[in-house]
Structure formats: structure tokens, C-alpha cells
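Please read the structure below before turning to the comments.
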Amino acid sequence: MSPSLCLAQEPEADELLSTDSFALLTGMLLDQQFPLEHAFRGPRKLADRMGGFDIRKIAAADPAEFEELASTPPAIHRYGRSMARRTQELARYVLEHYDGETERIWTLDDPDGKEVLRRLKELPGYGDRKAKIFLALLGKQLGVRPKGWEKAAAEFAEKGSRRSAADITDAETLLEVRAFKKQEKAAAKK
């Protein structure tokens, strides 16, 4: 992973997301019922408190201590304790299934887009929508484009759209995505 992401809207947090695949996976996990840029800052908060961001240290941390670390203000999420548990569950899953190498989700055995989507949907805390958004983020911003990724990511792969985290490249596109989500929620209420 080398392109510079701009999801957290903070240089240090975005640098971590751009250089650590598990940090990015965790940021996406936290992106629910919480402002998107704050969710993607969560991994950096953990890194600052743990002396670095390390999937093995996260997985092995005492659950009560990790919950405390994650929920201490500024917390990683409005539901800091439950998201701490989910983060540890995600870390353990990636360790167990991919030897702690997050990139293997999209590289192991040269998978196509449909298979990468299936693998993402199997992750703890990842449903269909979150998996499609993450796949679109991989394709649109990180150059990870397995065969059929656009079809698998569905509407989130649409060029020029402003639907999700996959489309955020700066402060302006963050506002455009936020406006789209607001319209989407209003339409759903009707």
C-alpha cells in the first residue's frame, strides 16, 4: 500500500491508513454510527496508546485493558468498548485466517473480485455493504483491482460517484459523500 489516503483528514492518521492494511481494515470497521473521519482516526489513537499499531499486540491484549484503552477520551468510537471488542475479534480473525497479513485477503491465490468480496464479508463486523465499500476503496484508491472487482463492488465502484469512503480523496469529497449520505437517508425515510 503506497498511495496516500485522505480518509481521517489528519496527516498522521492518514499516513497510518496508507501504510498499514490492518489499520485501514480497522478504520472501515469503525465507520458506523460515527462520523467517518473520526472512525478512520481510531487506528492512530490506538497506535499512540499502544506504542505502535500492531495486529498481534491488539489480538493478544487483555480484553478489559484494551477496552479501557479504546474508550478513554478521545475514544476510538462513540461505542468505544464494544468497538474495542470488535477490533480484537477482527485482529484475531486476520491472524487465524491470513497469518496476520491483511493483504492476503485480496492476494492469496490470486482471487477475483467476487472472492475478495466473499472474504471481506466473512470478516467480523463486515456486512455486505461495508465489504463492497472496502473493495471499491481498494480498487479506486489503492490500485487493487482483481478481475471483476467493479461488478463485485456494485454501485460503490462507479467512477466519479460520491457514495462512500471509497470516494474520499480530500476535504471537499468528504463533504460531497456526507451530502450524498444525508440525501440517501432522507429518501429512505420517505
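- Atom CD of E89 is separated from atom CG of L29 by 9.0 Å, given to the nearest 0.5 angstrom.
- When all heavy atoms of A152 and K114 are compared, the pair lying nearest together is CB-N, 3.9 Å.
- Counting only distance, with no hydrogens or angles, the side chain of R56 and the backbone of G100 share no donor-acceptor pair below 3.5 Å.
- Taking every heavy atom of both residues into account, G27 and F40 meet most closely at C-CE2, 3.5 Å.
- Y93 and L135 end up in the same hydrophobic cluster when Ile, Leu, Val, Met, Phe, Trp and Tyr side chains are linked at under 4.5 Å.
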Problem - Stepwise side-chain contact (heavy atoms from CB on, under 4.5 Å) check, K185 with K182 - result: CA-CA 5 Å; K185 284 181 182 177; K182 190 175 181 179; 5.9 Å; no

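- Looking only at distances, a side-chain donor or acceptor of D167 sits under 3.5 Å from a matching main-chain atom of R163.
- Enclosure of atom NZ in K147 is not indicated, since only 12 or fewer non-hydrogen atoms of other residues, nucleotides or ligands lie within 6.0 angstrom.
- Follow the hydrophobic side-chain contacts under 4.5 Å out from L36 and you never reach Y79; the two are in separate clusters.
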Practice task
Please step through side-chain contact (heavy atoms from CB on, under 4.5 Å) for the pair K140 and F156, ending with a clear verdict.
Solution key: CA-CA 9 Å; K140 287 180 165 184; F156 299 105; 5.9 Å; no

Exercise for the section: I would like to know whether Q33 and M83 meet side-chain contact (heavy atoms from CB on, under 4.5 Å); could you show each step before the answer? Expected result: CA-CA 11 Å; Q33 301 177 339; M83 285 304 182; over 6 Å; no

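- R41 places a side-chain N or O within 3.5 Å of a backbone atom of A8 that can act as its donor or acceptor partner.
- Hydrophobic clustering (side-chain heavy atoms under 4.5 Å, transitive across Ile, Leu, Val, Met, Phe, Trp, Tyr) keeps I133 apart from F34.
- Shown are I168, L24, T169; of these, the side-chain contact (heavy atoms from CB on, under 4.5 Å) with L5 is made only by L24.
- Taken from CZ in F53 to CG in L16, the straight-line distance is 6.0 Å, to the nearest 0.5 Å.
- We find the OG1-CG distance between T102 and L90 to be 7.5 Å, quoted to the nearest 0.5 Å.
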Exercise for the section: Using the side-chain contact (heavy atoms from CB on, under 4.5 Å) rule, take R44 and E10 through it: C-alpha gap first, then chi angles, then the decisive distance, then the call. Expected result: CA-CA 10 Å; R44 181 62 198 199; E10 280 184 0; 5.7 Å; no

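- Minimum interatomic distance between P111 and V116 (heavy atoms only, all atoms of both residues): CG-CG2, 3.5 Å.
- With respect to E150 and K159, a salt bridge is recorded, a charged nitrogen being found less than 4.0 Å from a carboxylate O.
- Atom NZ of K151 is surrounded by 12 or fewer heavy atoms from other residues, nucleotides or ligands within 6.0 Å.
- A donor-acceptor pair under 3.5 Å is formed between the side chain of D14 and the backbone N or O of Q9.
- When atom types are taken as modelled, the side chain of E67 and the backbone of G80 share no donor-acceptor pair closer than 3.5 angstrom.
- The nearest pair of heavy atoms linking T87 to L30 is OG1-CD2, 4.1 Å.
- Taken from CG in D99 to CZ in R104, the straight-line distance is 4.5 Å, to the nearest 0.5 Å.
- Of all heavy-atom pairs spanning D109 and R119, the tightest one is CB-NH2, 4.4 Å.
- Taken from CG in D31 to CZ in F134, the straight-line distance is 11.5 Å, to the nearest 0.5 Å.
- With hydrogens and angles ignored, the 3.5 Å screen pairs a side-chain donor or acceptor of K130 with a backbone N or O of M28.
- Both L142 and Y126 sit in one connected hydrophobic cluster of ILVMFWY residues. Membership requires side-chain heavy atoms under 4.5 Å apart, directly or through other members.
- The shortest heavy-atom contact between P43 and L17 is CG-CD2, 4.2 Å.
- Between L123 atom CG and L25 atom CG the span is 5.5 Å, to the nearest 0.5 Å.
- Remark: the backbone N or O of A84 is not paired with any side-chain donor or acceptor of H77 at under 3.5 angstrom.
- Applying the side chain to side chain donor-acceptor pair (under 3.5 Å) criterion to K132, with sequence neighbours excluded, gives D128.
- Ion pairing between a basic and an acidic side chain is recognised when a charged N comes within 4.0 Å of a carboxylate O; E115 and R118 show such pairing.
- A heavy-atom distance below 4.5 Å is found between the side chains of T72 and R49.
- Checking each of E184, E172, E176, E155 against R162 for a salt bridge (Lys or Arg N to Asp or Glu O under 4.0 Å) leaves exactly one that passes, namely E176.
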